[in-house]
Amino acid sequence: MFTTDIYTINIGPQHPSTHGGLHVEALMDGEVVKDAIVHLGYVHRSMEKIAESRTYTQFIPYTSRLDYLATHLPTLGYVQAVEKLMGVEVPERAEYIRVILGELSRIASHMLFVGSLAIDLGATTGLIYCLRDRERIMDMFEMSSGQRLLASYMRIGGVIQDLPEEFFPAVDRFLNDLHGMIEEYNGLITGNEILQARCKGIGILSPEEAIAYGVTGPNLRASGVLYDLRKADPYGIYERFEFEIPTGQHGDCLDRLIVRIKEIEQSGYIIRQALKKMPTGEVRGKVPKLLKPEKGKEVYHRIESAKGELGFYLVSDGTEKPFRVHVRAPSFVNLMILPLISRGGKLQDIIANIATLDPVLGESDR
Amino acid sequence: MEHWFLNIAHWLTSWLVSLGLAPVWAEVILLVGQWTCIVGIITLNVLVLIWLERKVAGFMQQRLGPNRLGPYGFFQTIADTLKLLTKEDIIPSQTDKLIFKIAPMFFIIVSVMLYAVLPMGQDMAVVNLNVGLFYFISVGSLSTICLLMAGWGSNNKWSLLGAMRSVAQMISYEIPLAFSLLGVVMISGSLNLSDIVQAQHNLWFILLQPVAFITFFIAATAELNRGPFDMPEAEQELTAGAFTEYSGMRWALFFLAEYTNLVAVSALAATLFLGGWQGPFLPSWLWIILKTYLIMMVFMWLKWTFPRIRMDHLMSLSWKVLIPISLVNIVLTGAGIEIFRWMGW
Amino acid sequence: MYGKGLLKGLGITLKHTFEKDITIQYPEEMPFLQERFRGCLSFDFGKCIACGLCTKACPNNVLSFETVKEEGAKKKKLLNYTIDLQYCLFCNLCVEVCPTNTLYFTHSFELTKFKREDIKIVYHRPPELDLLPEEKETGNLEVQVEMPDITEAEAKRLKQLEAMKTALGKNPQKVLSKVLDTEEDIAIMANLMASDEKKLFKMAELMLGDREKARKIAQAFVNKEKKDRQQEGGE
Amino acid sequence: MSITINDGVFIIISGLTIVSALGVVFSRNIIHSALFLVLAFLGVAGIFFELGAGFLGLVQILVYAGAISVLIIFAIMLVMNVEAEKTNLPNPSLKTHLWGACLALLLIITLGTSIWRSELFQVLGPPAVSDAVGLLAELMLGNYVVAFEVAAVLLLLAVVGAIILARGVEEE
């Protein structure tokens, strides 16, 4: 009887809720989304090309700038990839330090996720509380490496230097308070009925679709797939720790939030175990000053970053510079399901979907 | 203390008459003076309110809030206003210029008009209208048109979407707003705000009509476009909704009007449910100010705690929850009144 | 009950309203910086030996310097040193690689400048460094060269390093015999050091510090050189 | 006959009403027409106030200016798909002009005769009782309660019908 026109509305690239230079072209029928087309590349910095003109060591600071919200994790992935390529042994203590800082980065990233979801849905105060708690992790990063956001603390064969004395009481205090923080997020953000109404049943991603699209990380686990590289393909010393992998049931926005909050808790457990088991000793292995891997050797190393499976693919041509570096960015792959989960929803649901997919544009555009 | 303002008005009238002016013209001049005072008070109030809102938000978020200009950053808003006044008046080229320009002016005029019937103290309403409450609701409904004008005039999809949303929202919420007030009207038997205040001499209506108060409060939050119902603005979704294209003083006028509405609706809530200007010890005008600010604090508390409701949830909240509740409230109030009459109270 | 979560949230914000603020008023109250904080990258002119390791380590070409080799002098003379801070990643790679702790991070973090050219930090050679040796011996050095950041121990170490370097330069056979066994090796190493000042420096530092490590590295250098020679011979 | 304040206000308001009514007709942009219509409604409400019928004036504002006009604007916005500037152009054909003139003539004759027949420019009794609302309430909920309720039921039916129609679109 009646027909309605479909109109386009451009969410971004300059938009408060796109977490950076993301452009979503939404085809709308009234308030209902018919399709959402993701346009990427606004934060492209040619990271992979830069890697080809830097030595293996020199590329380390750039890796922090991929996923700057979980600064130690991409660096960890890269240095482990190079170590795999060169066959470098890492001292025990350095491995434990890497686990502690990596999990702290994961907590920091997830805290920012919770906060940014809150502010994207309009709850300003939720963001501030999350940032307040994240600040304590930033302080710990400052203690260990001297940098708050872009630490570049990992080195091939270990870490720059040992953790300082004051780091241990600080991380202890933080872990003791972690439960209270999570309670607070649950009270203010997760438990809020308005937020639940906006997240429950929104942006549902079925496990089959998630696997088909190559979604990884908390987004995949929220769909109910029990897959975590720390268990499925343990790297570093992760097989030594006991922890659970939280999964969701419905794969909606609320599950994606809850899974991440539970992961914060699990990361806390891992850090506790690591602190207990940590041996003394060297933190930097014997590594030649100039790294020249064998010609033609290639390696793919993947870690469980805060966003999902972060992979580094390195090809060596026998010189001190890599022939090719490719980054398998989880944010990029995860963003690709945005049209799928947004179709049929409301305009406001796109915002919730972007927020719960937790993309870091620095990583997805590279 | 109690009669300061009334005395000033009386003195002014008699002085004007003694100058040889006809009493009618003296009344007109007095009316103009009253309106000037009201606009002045509103502007002052808004300056305080914006500062207060930022301060309250700051404290809630464990921040300091504005603290640079003046004691506790009190003059921050004044500096902001000066900045906005001196900014370039940007009118985008593709807009419907006439509508774009007059929308903020209409908005602020409508908001100021609300104050005509509010009793600011004992015998201190500008116009003691016998349909005062009805006046408040119907004039309040005009602000939808202004938002619609702003959204249409901006010629921007975000703006239009914001305007459409806010109009749908405000029209829907006018119904529970009016219905929730009917209970009060039935008990007091008058639409005159001063009479309603008098009727609460013994017992505040918040105790007699708690359900009505809650529905009124929710509907008023939606009518004011304040969080968690701030659909037309919705910074995170609509980038600023109807106000996206506005800048400088035109933008500031919208905010002035929003805060003006906030004060008016809070004052109305205080008048209808919290006994208006009645209270011991302090003069009546101070009581109403205190009560208004108390209600405004609650508005701020809600805004800085809750996330935004989704549009369709918002509409169904109005149509499926608030309207039935307020209708039931009216029926129960009617029955209650009959029972009390029958018991001979 | 519906609305319980809302009330709980309201309670949380109300609780925090009356708590102490966690932010500080920045310019009046400076933030607490951890000991390792990486602020402005700084340079100590007196310590630099112009080895160039920092410029090679830097991923972003932040560092550059100019040297001049005067006739008869053994060492290159550093004329100026430039840190183009706008490209700095604060990654710590140059600081790690510097053998004399010449580069270091200060705690100053207010690096904003009005003009773009002000961002570049250029260190010019201080005139005190060019005093004649006689003047140095009379103690003028201590008076005129300001090295506020060097502790006494460090200064002592530097002096020792300088002495070791001179010794290695003048009489390599004698010094190297402590770490290398065969005559042939010592000769190769001496040659290497004569041609490459970095290696000379490296050895000097190692000799002062870990003798065992020095032995290994010297051996490695020699072995590599031998290998290279063989390859050249083969071709 | 001197002009009182009331007369002056009346002249201003009615002038405004007439000007905005002309604006409705002559605007080339249909949205402007609709907004002029709001202004005309407000002017009529002002005249009601001037005549002491405050309640009626407020109903005029609430229903016409606040709600009906918004519906009109919504309808215009939703169905319009040409440029706003060219939506309200006068129709060039002579035939329509003639029909329009006839209708206008009819309207003028009807209104004119009714004004002529009435006792012109004469104030009939006091403007209005002070408690107009009470009087209205007694009339509506007393004498004419059946008609009032029937009208209410009719409106309710209309609302239900509208909802059913609107839902039909959604299913398609």
Side-chain angles (χ1 to χ4, degrees), chain A residues 50-51 53-55 57-65 75 123 125-126 128-129 131-133 135-136 139-153 155 160-161 163-167 170 183-197 284 286 288-290 320, chain C residues 1-17 19-24 31-41 53-62 87-97 99 104-107 109 198-199 202 213 216-217 220-221 224:
Chain A
I50 285 175
S53 60
R54 302 288 189 273
T55 63
T57 316
Q58 279 177 345
F59 189 57
I60 292 173
Y62 294 88
T63 54
S64 322
R65 279 140 179 99
T75 319
T125 309
I128 305 282
Y129 290 169
L131 284 183
R132 176 197 65 195
D133 300 337
E135 199 61 15
R136 294 174 63 175
D139 283 342
M140 283 180 242
F141 288 173
E142 191 186 327
M143 277 174 207
S144 58
S145 70
Q147 283 283 70
R148 301 170 65 78
L149 191 66
L150 305 162
S152 66
Y153 182 64
R155 288 289 182 268
I160 295 181
Q161 58 195 124
L163 294 172
E165 278 298 302
E166 66 266 27
F167 181 86
E183 283 286 291
E184 201 166 287
Y185 304 154
N186 282 337
L188 185 68
I189 300 166
T190 325
N192 189 304
E193 273 95 348
I194 299 174
L195 186 126
Q196 285 183 352
R284 209 162 170 182
K286 303 264 183 296
K289 269 265 149 24
L290 210 56
E320 70 270 31
Chain C
M1 197 193 96
Y2 192 85
K4 205 174 144 198
L6 300 180
L7 293 177
K8 205 172 169 189
L10 284 175
I12 287 171
T13 42
L14 188 68
K15 194 184 89 198
H16 285 302
T17 308
E19 269 176 16
K20 202 172 166 286
D21 295 327
I22 47 165
T23 49
I24 53 168
F32 172 73
L33 299 174
Q34 305 294 342
E35 197 198 316
R36 293 181 185 176
F37 181 78
R38 297 182 201 157
C40 185
L41 183 61
L53 284 175
C54 49
T55 51
K56 280 195 183 133
C58 181
N60 231 8
N61 296 334
V62 174
Y87 299 117
C88 186
L89 298 170
F90 299 91
C91 62
N92 208 36
L93 282 172
C94 53
V95 178
E96 271 167 63
V97 89
Y104 58 95
F105 283 110
T106 61
H107 276 195
F109 59 91
K198 265 182 265 164
K199 279 182 186 136
K202 181 93 192 167
K213 208 174 169 186
K216 273 183 194 165
I217 284 179
F221 274 135
K224 190 170 170 284

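Here is the naming used below: chain letters follow the sequence lines, and residue numbers restart at 1 for every chain. Keep in mind that the numbers below use all heavy atoms, side chains included, and drop hydrogens, waters and symmetry copies.
- For chain A, the nearby part of C:F32 is the backbone; its heavy atoms alone come within less than 4.5 Å.
- In terms of heavy-atom pairs under 4.5 Å with chain C, the best-connected choice from A:T125, A:N192, A:I160 is A:I160.
- Heavy atoms of A:T57 lying under 4.5 Å from chain C belong to its backbone as well as its side chain.
- What you find for C:R38 and A:S152 is that their closest heavy atoms are NH1-OG, 3.7 Å.
- With sequence neighbours excluded, the residues forming a salt bridge (charged side-chain N to carboxylate O under 4.0 Å, His left out) with A:R284 are C:E96, listed by chain and number.
- When the candidates C:L33, C:V97, C:L6, C:I22 are compared by the number of heavy-atom contacts under 4.5 Å with chain A, C:L6 comes out ahead.
- Expressed to the nearest 0.5 Å, how far CG of C:N60 lies from CD1 of A:I50 amounts to 7.5 Å.
- Within the 4.5 Å cutoff, no side-chain heavy atoms of C:P59 are placed close to those of A:F59.
- Taking 4.5 Å as the limit, every side-chain heavy atom of A:Q147 sits out of range of all side-chain heavy atoms of C:R36.
- A:Y129 touches chain C through its side chain: at least one heavy atom from C-beta onward sits under 4.5 Å away, while N, CA, C and O do not.
- Both the backbone and the side chain of A:I194 come within contact range of chain C, each with at least one heavy atom under 4.5 Å from a heavy atom of that chain.
- In terms of heavy-atom pairs under 4.5 angstrom with chain C, the leader among A:Q196, A:Q161, A:E135 is A:Q161.
- Partners of A:Y153 under the side chain to side chain donor-acceptor pair (under 3.5 Å) rule, at least two apart in sequence or in another chain, do not exist in this structure.
- Here the side chains of A:P61 and C:L93 are in contact, with some heavy-atom distance below 4.5 Å.
- The structure places CD of C:Q34 at 13.0 Å from CZ of A:F141, a figure rounded to the nearest 0.5 Å.
- The contact between C:K15 and chain A is made entirely by side chain atoms (from C-beta outward), counting heavy-atom distances below 4.5 Å.
- For chain C, the nearby parts of A:S145 are the backbone and the side chain; heavy atoms of each come within less than 4.5 Å.
- Interface summary for chain C: among A:R148, A:R65, A:E142, the most heavy-atom pairs under 4.5 angstrom belong to A:E142.
- With a threshold of 4.5 angstrom between heavy atoms, A:E166 approaches chain C through side-chain atoms but not through N, CA, C or O.
- Contacts between C:L10 and chain A at a heavy-atom distance below 4.5 Å are absent for every atom of the residue.
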